[in-house]
J.: 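The structure is given below, and queries will be raised subsequently.
The chains referred to below are lettered A, B, ... by the order of the sequence lines, with proteins before strands, and numbering in each begins at 1.
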2 protein chains.
Amino acid sequence: MESQEVLNEELFQEAKAIFTNYMESNNLRKTPERFAILEEIYKRTDHFDAEVLFIHMKTQNYRVSRATVYNTLELLVACDLITKHQFGKNVTQYEKSYGYKQHDHLICVDCGKVLEFCDPRIQNIKNMMGEMLDFKITHHNLNLYGKCQGSCDKKKS
Amino acid sequence: MESQEVLNEELFQEAKAIFTNYMESNNLRKTPERFAILEEIYKRTDHFDAEVLFIHMKTQNYRVSRATVYNTLELLVACDLITKHQFGKNVTQYEKSYGYKQHDHLICVDCGKVLEFCDPRIQNIKNMMGEMLDFKITHHNLNLYGKCQGSCDKKKS
DNA sequence: TTGTGTGCAAAAGCTTTGCATGTTG
DNA sequence: CAACATGCAAAGCTTTTGCACACAA
């Protein structure tokens, strides 16, 4: 649960530019809270939920509320800077997505560990199914569930 | 939200046998509530959540509680008679799975409509990734999200 | 008869909403 | 200065838990 304070400054600046642009185009206010949340997210690695992010900001003495966290997460999803996931539990998890290539997830049902992988065949499936079923497909989630054979410390989360 | 009272009697009897066998092997009690819930599920088509199922049973004058519904759903997932889904909202959805071939879902982000499709390439991806990442993969979810082009009555659910 | 399963209601966990206040444009 | 965003707390929803009673084995 420790977040590693590794901020890729360059990536963050680009993300910030995208966010700024998004807010300007939509007549949204560029508040310090919104930028602070973006920055915290871009410091984090892996996956997080709204509560974890909120607590993390609180312990860093930011003055933010849950409402603002939820509100901002929604904006960031809307401009594709973060991605929303449901890994089988009723908690929405997020991960930053700008500058990272599209990938899918493999989740250990024992310890909750999440691995990532890419497979180009999914793109083919999306294209084919979109055409067959007359859908304009915008995104997808492929989650594989199983048990990791090696380093599984069971029932972690 | 109407459930269509079409009970495939044969399929239901087989499912019941599987459930009975599961309960016997695990020293669980074969209560009338558990069978009633299984029957209601096998009457339903499409996807449902715990609350919908609970309400539906209440209106049919069954005397069941939410606790029992949730408990039984868990058992049915454990013996593979139903499948659990998270289609992006924080509600767990289920569908009966015995007698139905494995399939994935295409969800309309406007109206909530869910279509099903099959693609054998997913099996290949599962096999390959399981091997590469040293996981014993038990199941998966592939959800494609998009907008249906034709008969979309927008914002239904 | 014994202990698991049940119903009911309260509690818990995540997310949304209402309202007064603060702050951006 | 006007509207939008924020903080806070309360409310909403889904799911889980505690407890006394019921009933399957």
J.: Could you state the interatomic distance from NE2 (B:H140) to CG (B:D104), rounded to the nearest 0.5 Å?
T.: 3.5 Å
J.: Measure from NZ on B:K58 to P on C:dA9 and round the result to the nearest Å.
T.: 10 Å
J.: Compare side-chain N and O positions of B:N90 against OP1 and OP2 of C:dT15 and report whether any pair is under 4.0 Å apart.
T.: yes
J.: Mind calculating the distance between CD (B:E24) and P (D:dA25) to the nearest angstrom?
T.: 8 Å
J.: Quickly, which of B:R44, B:K84, B:H103 forms a side-chain hydrogen bond (donor to acceptor under 3.5 Å, both in side chains) with B:E95? Name it, please.
T.: B:H103
J.: Can a side chain N or O of B:T68 be found less than 4.0 Å away from OP1 or OP2 on C:dG7?
T.: yes
J.: Nearest heavy atom decides the nucleotide; on that basis, is B:P32 or B:E51 closer to the 5' end of DNA chain D?
T.: B:E51
J.: Quick check on the helix from C:dT1-D:dA25 to C:dG25-D:dC1: what's the angle between its two end axes, five base pairs per end, to the nearest 10°?
T.: 30°
J.: Checking all strands, does A:K84 fall into the base, sugar-phosphate, or nothing category for heavy-atom contacts under 4.0 angstrom?
T.: nothing
J.: B:K89 has an atom NZ; how far is it from atom P of C:dT16, in whole Å?
T.: 11 Å
J.: Across the strands shown, which category fits B:N71 at heavy-atom distances under 4.0 angstrom: base, sugar-phosphate, nothing?
T.: sugar-phosphate
J.: Less than 4.0 Å between a side-chain N and a carboxylate O, is that true for A:E33 and A:R63?
T.: no
J.: Should the pair B:Y145 and A:H139 be assigned to parallel (<30°), tilted (30 to 60°) or perpendicular (>60°) ring geometry?
T.: parallel
J.: Return whichever of B:T31 or A:A67 has its heavy-atom-nearest nucleotide of DNA chain C closer to the 5' end.
T.: B:T31
J.: Assign each of B:D49 and B:L28 to its nearest nucleotide of DNA chain D by heavy atoms, then name whichever residue's nucleotide is nearer the 5' end.
T.: B:D49
J.: For nucleotides 1-3 of chain D, give me every protein contact, N/O to N/O, under 3.5 Å, one pair per line with atom names.
T.:
{"unit_1": "D:dA3", "atom_1": "N3", "unit_2": "A:R29", "atom_2": "NH1", "d": "3.3"}
{"unit_1": "D:dA3", "atom_1": "N3", "unit_2": "A:R29", "atom_2": "NH2", "d": "2.6"}

J.: Does A:R66 make a side-chain N or O approach to OP1 or OP2 of D:dA9 shorter than 4.0 Å?
T.: no
J.: Reckon A:Y70 has a side-chain N or O less than 4.0 Å from the OP1 or OP2 of C:dT15?
T.: yes
